There are 4 protein chains.
Amino acid sequence: MWIPIQINELSAEPLYHQIEVQLRALIFSGQLAEGTLLPSIRELAQSVKCSVITIRRVYQDLENEGLLRTRQGTGTFVAKVGDEVRDQQRRSAVIEAFEAAVDAGIRVQCSDEEMLTILQEVLQRKRQMETEGGGE
Amino acid sequence: MWIPIQINELSAEPLYHQIEVQLRALIFSGQLAEGTLLPSIRELAQSVKCSVITIRRVYQDLENEGLLRTRQGTGTFVAKVGDEVRDQQRRSAVIEAFEAAVDAGIRVQCSDEEMLTILQEVLQRKRQMETEGGGE
Amino acid sequence: MWIPIQINELSAEPLYHQIEVQLRALIFSGQLAEGTLLPSIRELAQSVKCSVITIRRVYQDLENEGLLRTRQGTGTFVAKVGDEVRDQQRRSAVIEAFEAAVDAGIRVQCSDEEMLTILQEVLQRKRQMETEGGGE
Amino acid sequence: MWIPIQINELSAEPLYHQIEVQLRALIFSGQLAEGTLLPSIRELAQSVKCSVITIRRVYQDLENEGLLRTRQGTGTFVAKVGDEVRDQQRRSAVIEAFEAAVDAGIRVQCSDEEMLTILQEVLQRKRQMETEGGGE
DNA sequence: GTGGTCTAGACCACC
DNA sequence: GTGGTCTAGACCACG
């Protein structure tokens, strides 16, 4: 089982947090379906080039959130999450991020139109990067 | 001199950082004009109910960034910032936040339209809170 | 030979332990009489939907405790247990569990009466579940 | 700040779990009031003679449960818990333990009266130990 | 093979 | 001083 995790070495964001965010997104978006067996902590640790313990923490945190189920000697699985819960969660992380962005805009007295423009610029740039990077 | 600083106790974001972000925004948006005398470290510490050490760090950081200027025995002032620099900076914090939001959206496979809708919902909600809270 | 074993998937309690506890109880209460031939490892493994390794461990543990006896090529039997030993054992597991419960109560400063009330509530609830579930 | 934590070296129960159970009980029973500053992780580690990391895990687990609040550079506090929540939680741990005890009793076909008798015996014994140990 | 616990120790960030 | 992150490694328990 292979999972695409991208680490930003330069970011001040803790390793474990970067990984959690990406795993949550994979689960909430359905790219990791219920019941899927995740890679073992040792495997994933090797593939993201970090300590086993860091991955253990990630799996444990997500288990505490109810997203994963782990059975000793067997491995770690994606837990059952109600569809409505999943959809709600899927949006909430995004909404939260947009609230932070709007707060930043309001603080420097951006108009609504200015923010909409910024969003469109950013979207265009990101989507372009996606298609360009798609051939990698 | 009174400065409106809002602290979110529940947030994991460090105190000093919350304050810096807000001060920067006040300066870049022109709400704190060049030459303005800031409150003393003790005063500001008292008004945000935190340690003077925290405020000292804030002033120090912003001075290092060239946004503040301290004159011995007189106090701390808002430094001169070039207009084009100010405008660029004003936008950059906002753009950064929107990039994070778009990243969050892309991770859970939101469409562009979905993100635009979310932004409009958030904007409406925040603006409403502003006008409601304006009478406080 | 059919043996009623209930597995709680959600519990953190290891599989082998859940099974051992239930087998012991069946033996000490006389529901599995001395000399009874137990199902083969493979059969029991299939019926509780777990690995044969797990069942092998269970049989081994109980044999080490002197509760089971394995004869090569024949199978695994319930061993002879002295009556007084059996009676003592029968109670000891129960007493142990009640000691843990009382400890939990004392820790949060429950009065004796409060604990008696709780026991009666729980008893009533469990007995009701028994008679309801009896038709299954 | 001194906190009475008793470790059972012989028990198979993990260290961190023993500590969590006792801290939860102290909080739910009100012996550790809201807002109380707990000992630093290093202090508590020293007093229970275990690794700092074990205590860190304890504090973090309880923070995830919403029982503690920790602020970097300041320390760890008992969080605000709604009274009704606290009362409910206080009982639920006890009820859970009694359910396990009753299950154990039912498995070996104890009568209700037998369990009541056992409870009274255990209570008497424990209370006696309390008063005897009170002079320590 | 899997995960779970505990350790020691380094280094950083915050107040 | 406080807590937070990450590391390496030992040893145990489970299936």
Side-chain angles (χ1 to χ4, degrees), chain A residues 1 7 9 11-20 37-45 48-61 63 68-77, chain B residues 12-20 45 48-58 61, chain C residues 7 12-20 41 45 48-58 61, chain D residues 1 7 9 11-20 37-45 48-61 63 68-77:
Chain A
M1 181 60 198
I7 298 303
E9 305 266 1
S11 164
E13 193 185 2
L15 248 183
Y16 82 95
H17 196 252
Q18 294 188 36
I19 302 172
E20 287 183 4
L37 176 63
L38 295 181
S40 79
I41 56 183
R42 298 179 232 261
E43 271 180 296
L44 188 50
V48 293
K49 296 191 226 317
C50 74
S51 161
V52 174
I53 298 187
T54 304
I55 301 296
R56 223 194 130 277
R57 172 172 186 177
V58 169
Y59 280 11
Q60 183 144 326
D61 284 353
E63 183 169 10
L68 300 182
R69 272 294 298 160
T70 140
R71 285 196 73 84
Q72 236 190 74
T74 311
T76 304
F77 302 85
Chain B
E13 195 184 357
L15 263 181
Y16 86 97
H17 195 251
Q18 295 189 36
I19 302 171
E20 287 185 5
V48 296
K49 297 191 226 316
C50 73
S51 159
V52 289
I53 300 178
T54 305
I55 302 296
R56 195 158 53 70
R57 170 169 188 177
V58 168
D61 285 354
Chain C
I7 297 303
E13 194 185 359
L15 263 180
Y16 84 97
H17 196 253
Q18 294 189 36
I19 302 171
E20 287 184 6
I41 289 181
V48 292
K49 298 191 225 316
C50 73
S51 158
V52 289
I53 300 179
T54 305
I55 302 297
R56 195 157 53 71
R57 171 168 187 176
V58 169
D61 285 354
Chain D
M1 181 62 200
I7 298 303
E9 306 266 1
S11 163
E13 193 185 1
L15 249 183
Y16 82 96
H17 196 252
Q18 295 188 35
I19 303 172
E20 287 184 4
L37 177 62
L38 295 181
S40 78
I41 55 183
R42 297 180 235 261
E43 271 181 293
L44 189 50
V48 293
K49 296 191 226 318
C50 74
S51 160
V52 174
I53 298 186
T54 304
I55 301 297
R56 224 195 129 277
R57 171 171 188 178
V58 169
Y59 280 10
Q60 181 143 326
D61 284 354
E63 184 170 11
L68 300 181
R69 271 294 297 160
T70 142
R71 285 197 71 85
Q72 236 189 74
T74 310
T76 304
F77 302 86

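Here is how names work: the chains are called A, B, and so on, in the same order as the sequence lines, proteins then strands, and each is numbered from 1. No experiment lies behind these values; they were computed from the predicted model shown.
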J.: For a quick check of understanding: with a heavy-atom distance under 4.0 Å over all strands, which category does B:Y16 fall into, base, sugar-phosphate or nothing?
T.: sugar-phosphate
J.: To the nearest 0.5 Å, tell me how far A:L38 CG sits from A:Y59 OH.
T.: 4.5 Å
J.: If you round to the nearest 0.5 Å, how far is CD of A:Q18 from CD of A:E20?
T.: 11.0 Å
J.: Taking the side chain as everything from C-beta on, heavy atoms only, tell me whether D:V48 gets closer than 4.5 Å to D:I55.
T.: yes
J.: Using a 4.0 Å heavy-atom cut-off across all strands, classify D:C50 as base, sugar-phosphate, or nothing.
T.: sugar-phosphate
J.: Roughly, in whole Å, what's the span from NZ in A:K49 to C1' in F:dC6?
T.: 17 Å
J.: What is the separation between atom CD on D:Q60 and atom P on F:dT2, rounded to the nearest whole Å?
T.: 18 Å
J.: In whole Å, I'd like the distance from the CD atom of D:Q72 to the P atom of F:dT5.
T.: 8 Å
J.: With sugar-phosphate meaning primed atoms plus P, OP1 and OP2, does D:I53 contact a base, only sugar-phosphate, or nothing at under 4.0 Å between heavy atoms?
T.: base
J.: In terms of side-chain heavy atoms of B:P14, which of F:dC6, E:dT7, E:dC14 is nearest?
T.: E:dC14
J.: Using the criterion of both pairing distances under 3.5 Å for Watson-Crick and G-U wobble pairs, give all stems of 3 or more consecutive pairs involving DNA chain E.
T.: E:1-14 with F:1-14
J.: Taking D:Q72 for the side chain and B:P14 for the main chain, is one N or O donor matched with an acceptor at less than 3.5 Å?
T.: no
J.: Which sits closer to the 5' end of DNA chain F, D:R42 or C:H17, going by the nucleotide each is nearest to?
T.: D:R42
J.: Separation of D:D61 atom CG from E:dG4 atom C1', in whole Å?
T.: 13 Å
J.: So, for A:T74 and A:L37, which heavy atoms are closest and what is the spacing to 0.1 Å?
T.: O-CD1, 4.4 Å
J.: Whole Å only: how far is the CD1 atom of A:I41 from the C1' atom of F:dC6?
T.: 15 Å
J.: In whole angstroms, how far is the C1' atom of E:dC15 from the CG atom of D:L37?
T.: 13 Å
J.: Taking only the side-chain nitrogens and oxygens of A:T74, find out if one of them lies under 4.0 Å from OP1 or OP2 of F:dG15.
T.: no
J.: At less than 3.5 Å, do the side-chain atoms of D:R56 and the base atoms of F:dG3 form a donor-acceptor pair?
T.: no
J.: For D:G73 and for D:T54, locate the closest nucleotide of DNA chain E by heavy-atom distance; then report the residue assigned to the nucleotide nearer the 5' terminus.
T.: D:T54
J.: Take the protein atom CD1 of A:I55 and the nucleotide atom P of E:dG4, then report the distance between them rounded to whole Å.
T.: 14 Å
J.: C:Y16 and C:V58: which non-hydrogen atoms are nearest, and at how many Å?
T.: O-CG2, 3.7 Å
J.: Within the structure, does a side-chain N or O atom of A:S51 lie under 4.0 Å from either OP1 or OP2 of F:dT5?
T.: no
J.: Kindly compute the distance separating CZ (C:R57) from CG (C:L15), expressed to the nearest 0.5 Å.
T.: 11.0 Å
J.: State the CZ-OG1 distance between A:R56 and A:T70, to the nearest 0.5 angstrom.
T.: 8.5 Å
J.: E:dT2 C1' sits how many Å from A:R69 CZ, rounded?
T.: 15 Å
J.: Nearest heavy atom decides the nucleotide; on that basis, is A:E13 or C:R57 closer to the 5' end of DNA chain F?
T.: A:E13
